[in-house]
2 protein chains.
Amino acid sequence: MTEKFKQHLRNAGHKVTAPRLEVFCFFQKRDLTTVSALLSGCNRADRASIYRAIALFRKLGVIHDVVSGGKRMIELTDSFTNHHHHIYCLKCGKSEAVANRKLESDLDMILRKSGFRAVSHQIEIDAICPECQDE
Amino acid sequence: MTEKFKQHLRNAGHKVTAPRLEVFCFFQKRDLTTVSALLSGCNRADRASIYRAIALFRKLGVIHDVVSGGKRMIELTDSFTNHHHHIYCLKCGKSEAVANRKLESDLDMILRKSGFRAVSHQIEIDAICPECQDE
DNA sequence: ATGTATTTGCAAAAAAGTCGCAATTAGATT
DNA sequence: AATCTAATTGCGACTTTTTTGCAAATACAT
């Protein structure tokens, strides 16, 4: 996936640099992350370069923003990770990835009927996880 | 709905004040809004009070954040408006509310099976609207 | 009408994000 | 492999956004 990322950058006329790779790798290590986690987790890159990488990745469709557990989070887009959604436990705060074929096909059908041509979508669920229900 | 809001505040031990009402009314006038729109739209309240109202409303479940068209937006929760989702046109930038019974029941079913107890969810769709497809 | 804890507005501070620019570097060219 | 050049970096200064302390104001319970 890192190779694909490099190609993606180069195809768009951008260079593969150390700061960009460090930021991309950070995204790969987490499902959901935040700007401040990136800032403190990418130690070899300057603050400004991290912000610039985030903006570039967003523009190139490498990452996108979501809200999970009420907080703004960032993650890789479907092109650079497997398509999935998130379910957030309001008690323990853990986020879990959710992938469900039926839900996706229903969503597709509804969108087709709407007249809109769907490009992407995201579903965020707040819930109580099985473990936390037992208390 | 404003009465319900007032009760909600008082039940939680907070006072109904002019700044809070102004911010709440602003949310009622828009579907999706942003912090900066609130800051420039609520002229009778101080900047700090607007931030404090936003934080309080979030804590009390009056509003919640969503990402629409790649931007962080805020809106009233289901308790203070009709349950709906958003479809955002990537070309013209307009957001449209979406409410679909079948989608909701599918989602419920999937969640029941997952073992999680769902509390709330949100779906954000990026798409091209019918008008923009014609160009 | 009064008392009191909450909330406000203000101004100052902290945090988050942006920008200009000289030095560096990726990668195309020879 | 050495050279060239436009893109990118790191740095610091700057702007914007958000938070906070505090005296004055006010909602609302009594």
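None of these values were measured; they are calculated from a predicted model. Note on naming: letters A, B, ... go to the chains in the order of the sequence lines (proteins, then strands), and numbering restarts at 1 for each one.
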Subject >> d(CZ, A:Phe57; C1', D:dT8) in whole Å >> reply: 13 Å
Original post:
Does a side-chain N or O from B:Tyr51 land closer than 4.0 Å to OP1 or OP2 of D:dT19, or not?
Top reply: no
With 3.5 Å as the limit, what N/O pairs link the protein to nucleotides 21-25 of chain D?
none

Subject >> Closest listed nucleotide, where the reference is the side chain of B:Val16 and the choices are C:dT18, D:dT9, D:dC28 >> reply: D:dC28
Original post:
Passes ring-ring contact (aromatic ring centres under 6.0 Å, His included), A:His121 versus A:His85? Steps please.
Top reply: CA-CA 9 Å; A:His121 65 266; A:His85 302 292; 5.0 Å; yes
Original post:
Over how many whole Å does the gap from A:Leu39 atom CG to C:dA14 atom P extend?
Top reply: 19 Å
Original post:
Roughly how many Å is it from CG in B:Asp46 to C1' in D:dT19, rounded to a whole number?
Top reply: 12 Å
Original post:
Nearest-Å distance, CZ (B:Arg44) to P (D:dT26)?
Top reply: 12 Å
Original post:
So, is A:Arg20 close to the D:dT9 phosphate, meaning a side-chain N or O under 4.0 Å from OP1 or OP2?
Top reply: yes
Original post:
Is the number of heavy atoms from other residues, nucleotides or ligands within 6.0 Å of NZ (B:Lys71) greater than 12?
Top reply: no
Subject >> For atom CG of B:Leu60 and atom P of C:dT7, their distance in whole Å >> reply: 10 Å
Can you tabulate the close N/O pairs, meaning under 3.5 Å, that link protein atoms to atoms of nucleotides 13-15 of chain D?
residue: D:dA13; atom: N6; partner: A:Arg47; partner atom: NH2; Å: 3.2

Original post:
Can you find a side-chain donor-acceptor pair between A:His84 and A:Asp31 that sits under 3.5 Å?
Top reply: yes
Original post:
Could you state the CG-P distance from A:Leu38 to C:dA16, rounded to the nearest angstrom?
Top reply: 13 Å
Original post:
How long is the line joining CZ of B:Arg72 and C1' of C:dA16, in whole Å?
Top reply: 12 Å
Original post:
Is a side-chain donor-acceptor pair under 3.5 Å present for A:His83 with A:Glu104?
Top reply: yes
Original post:
Rounded to whole angstrom units, what separation is found between the CG atom of B:Leu9 and the C1' atom of D:dT26?
Top reply: 15 Å
**OP:** Could you check which of C:dG17, D:dG10, C:dT6 has an atom nearest any side-chain atom of A:Ser49?
**Re:** D:dG10
Original post:
Can you check whether B:Gly61's main-chain N or O pairs, donor with acceptor, with B:Thr77's side chain at less than 3.5 Å?
Top reply: yes
Original post:
Listed by chain and number, what are the salt bridge (charged side-chain N to carboxylate O under 4.0 Å, His left out) partners of A:Arg30, not counting sequence neighbours?
Top reply: none
Original post:
Less than 4.5 Å apart, any side-chain heavy atom of B:Val98 and any of B:Ile123?
Top reply: no
**OP:** Establish, for the pair B:Lys4 and B:Phe80, whether the NZ or CZ atom is under 6.0 angstrom from the six-membered ring centre and no further than 45 degrees off its axis.
**Re:** yes
Original post:
Want to settle it: does A:Arg10 or B:Ala18 sit nearer the 5' end of DNA chain C, counting the closest nucleotide to each?
Top reply: B:Ala18
Original post:
When rounded to the nearest 0.5 angstrom, what distance separates OG in A:Ser40 from CD1 in A:Ile50?
Top reply: 8.5 Å
Subject >> B:Thr17 vs A:His14, nearer the 5' end of DNA chain D by closest nucleotide >> reply: A:His14
